[in-house]
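Some notes on the structure that comes next.
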Amino acid sequence: MTLKAVTPADASPIGAFEETPPRDVDALYQNSHQAWQTWAGYSLERRLSYLKRLRHIIVELQEEIADIISMSTGKTKTDALTTEVMAAADAIRHVEKEAPSILINEKVKTPIQFMGKSSYINRKPRGTVLLLSPWNFPFQLAAAPLAEALASGNTVILKPSEVTPMVGELLRRLMALFPEHVVQVVMGGKELGEALTAGKPDYIHFTGSVSTGKKIQQQAANDLIPTTLELGGKDAMIIFNDARLSRAAKAAVWGAFHHSGQVCLSIERVYVQSGIYHQFLTEVKRETAKLQQGQSEDADIGAVTTTAQYNHVKNQVQEALDQGAVLEAGKAPGDWDTANMFIEPVLLTNVHSDMSVMKEETFGPVMPILSFDTEEEAVQLANTTSYGLGGSVFTTDIGKAERITSQIRTGNMNINDVMTSAANFQLPFGGVKNSGIGKYHGKEGLRNFSIETAVMADRGTDEQEIIWYPNAGKYHLLKELITSFWGRQRNWKSFIQAYMRLSKF
């Protein structure tokens, strides 16, 4: 079986790649477990040296990598360079810098009743990580969790999306930098993904659709395998009357149309306070009209990546128009050029919350705009969705922005900006509700790829502990100990006397 690679810009074939047959899954896990015995035994410094070498090669090959990504996904070459190559290099550099302080034993306080002991958290690798990466950011969203997993001492089986096999082949070649079987890149679709998930990895990291994420979680639950699931979004952008209008308009256009809206954190719903609604609409239409579509270095918006996604966006827009939405920019679906997968950016008004374009993930260059009157209404509208990945609020009143942020049920928020929280690898990234489970990036990323063992250590020089047998004669002393320390008024003298007498049993 082969996977065919097609460029979305003109639907021309660009290559074919051999699929990994599901029957190879057992051997893949055996190889990974064997490689883990050595890789986990390497010092952290040595593991990070491999990641550093990977980062350097990515930078050296940045133009070639950007070309492959652009050709495979339909995104502009500039987008491929910034949100894929640069983001991957930054993610790896973050791990190189932060891992030494995060993965070491972490000392914690020891309660006074256990005086003389020490407490710490020991972190060790989980084993084999199954990493399932998506087609919309096929390079960055493989490289970031990969770096976290490898630094933590795990081996990895990486299955990139079958939609972008050329990027998968690129990743396979780059992973030759690591010792044999430390990273195994496999190529295939649904059948292979199911076989890998059923193969009982030690951890699963998945980025993709809600429907597939739920299936993975069901299988993982049967085997009690921990997971991180980064799923879809329906992010809301809230713009108040006091916002800087020009900035908000530019942000909305970039947030909704970047990579043709195929970003999990894309702005998919825009709520504008009624006092500036018409001004905002005028400004957004002006900014949208400036955009250039294509794949050159100067182009702003590329193509939609897959035919299935193209048709999904087309159906959502047509349904909205059939239900009364007004097309403010772009073309009606009947006028779209079916010779390629470029979709001219769409602005919709006269929308309502029951439309699928307002409640279901679009993942395309579509911006529906709705007005609101009060702060409470804005919060209610933003939370009227089964998703909870990201969102943004625009206002010059930072106190109000923070108040809104605290009420929006999402894993990520931006104030007077859009989407950029995900680009700060110091911040944890993940969603709530149907947007997923768990976090990566930040400290959480490295910690999630580790087994955390809570340790209480004693020097072992004393013969006895105050709570060990025998119990005879201890009851009233224990009552005195509890009362003197945890009661209404602390009595150190009584506490120490009780403790000393207990320690002599």
Side-chain angles (χ1 to χ4, degrees), residues 28-29 31-55 58 87-108 120-133 140-159 171 174-175 177-185 196 199-207 220 224-230 425-430 436-455:
L28 289 166
Y29 278 108
N31 291 337
S32 188
H33 292 322
Q34 289 174 2
W36 177 76
Q37 301 296 328
T38 301
W39 181 251
Y42 284 177
S43 66
L44 176 59
E45 182 181 14
R46 186 173 180 183
R47 295 198 298 265
L48 293 178
S49 71
Y50 282 93
L51 290 173
K52 183 177 182 179
R53 190 187 314 170
L54 174 62
R55 173 170 57 87
I58 288 172
D90 191 38
I92 295 170
R93 180 68 185 94
H94 164 77
V95 170
E96 292 174 53
K97 184 178 179 181
E98 301 297 332
S101 63
I102 293 173
L103 294 178
I104 60 169
N105 288 350
E106 179 185 350
K107 292 182 179 179
V108 299
Y120 62 92
I121 300 168
N122 170 260
R123 294 187 174 89
K124 54 182 71 71
R126 291 184 179 275
T128 295
V129 170
L130 174 59
L131 176 53
L132 305 166
S133 57
Q140 184 226 138
L141 294 183
L146 178 77
E148 294 173 342
L150 292 174
S152 302
N154 304 284
T155 49
V156 175
I157 297 174
L158 167 61
K159 191 191 90 64
L171 288 164
L174 288 173
M175 293 309 111
L177 290 167
F178 294 91
E180 188 177 22
H181 298 145
V182 168
V183 183
Q184 298 174 90
V185 180
L196 288 166
K200 297 185 179 181
D202 298 294
Y203 196 83
I204 300 174
H205 186 286
F206 170 76
T207 304
L224 292 180
I225 297 170
T227 62
T228 294
L229 305 178
E230 200 276 276
F425 292 101
Q426 298 285 346
L427 288 171
F429 179 72
I437 296 172
K439 302 276 188 179
Y440 69 119
H441 297 178
K443 293 180 180 179
E444 286 79 0
L446 288 161
R447 289 175 176 173
N448 283 341
F449 286 111
S450 304
I451 294 172
E452 293 191 330
T453 302
V455 181

So, taking the atom named CG in Leu146 and the one named CG in Asn154, what distance separates them when rounded to the nearest 0.5 Å? 10.5 Å
For Arg47 versus Ser152, what's the shortest heavy-atom pair and its separation? NH2-C, 3.9 Å
Are side-chain heavy atoms of Leu51 and Arg55 found at a separation under 4.5 Å? no
Hey, could you give me the OH/NE2 distance between Tyr440 and His205, rounded to the nearest 0.5 Å? 5.0 Å
Any residue meeting ring-ring contact (aromatic ring centres under 6.0 Å, His included) with Phe206, in chain and number order, not counting sequence neighbours: none
Would you compute the distance between atom CG of Leu158 and atom CG of Leu131 and round it to the nearest 0.5 angstrom? 5.0 Å
Can you give me the closest heavy-atom contact between Arg126 and Asn448, atom names plus distance? NE-O, 2.7 Å
Can a donor-acceptor pair be found, under 3.5 Å and without considering hydrogens, that links the side chain of Tyr42 to the backbone of Gly153? no
Do other residues, nucleotides or ligands put more than 12 heavy atoms under 6.0 Å from Glu180 CD? no
Minimum side-chain heavy-atom gap Thr453-Lys124 below 4.5 Å: yes
In the structure I gave you, are the side-chain heavy atoms of Leu196 and Pro201 within less than 4.5 Å of one another anywhere? no
Just wondering, do Ile58 and Ile92 contact through their side chains at under 4.5 Å, heavy atoms? yes
Would you mind reporting whether Leu54 and Phe178 have side-chain heavy atoms less than 4.5 Å apart? yes
How would you list, by chain and number, every residue that makes a ring-ring contact (aromatic ring centres under 6.0 Å, His included) with Tyr120, sequence neighbours excluded? none
Scanning both residues in full, the closest heavy-atom pair of Pro100 with Leu44 reads CA-CD2, 3.6 Å
Using every non-hydrogen atom in the two residues, find where Ala151 and Val95 come nearest and quote the distance to one decimal. CB-CG1, 3.4 Å
For Thr155 versus Ala35, what's the shortest heavy-atom pair and its separation? CG2-C, 3.9 Å
What pair of heavy atoms forms the shortest contact from Gly438 to Thr228, and how long is it? C-CG2, 4.2 Å
More than 12 heavy atoms of other residues, nucleotides or ligands under 6.0 Å from CD of Gln37: is that the case? yes
To the nearest 0.5 Å, how far apart are CG in Leu427 and NZ in Lys439? 9.5 Å
Quick check for you: to the nearest 0.5 Å, what is the distance between Thr207 atom OG1 and Leu229 atom CG? 9.0 Å
Quick check: do His94 and His441 have side-chain heavy atoms less than 4.5 Å from each other? no
Results of salt bridge (charged side-chain N to carboxylate O under 4.0 Å, His left out) for Glu106 - residues two or more places apart only: Arg123, Arg447
So how far is it from Leu150 CG to Met175 CE, rounded to the nearest 0.5 Å? 8.0 Å
Less than 4.5 Å apart, any side-chain heavy atom of Val129 and any of Trp36? no
If you count every heavy atom of other residues, nucleotides or ligands that lies below 6.0 Å from Lys443 atom NZ, does the total exceed 12? no
So, does Asp202 use its side chain to make a donor-acceptor pair with the main chain of Thr128 at under 3.5 Å? yes
For Ser32 and Tyr29, indicate whether the former's side chain and the latter's backbone hold a donor-acceptor pair under 3.5 Å. no
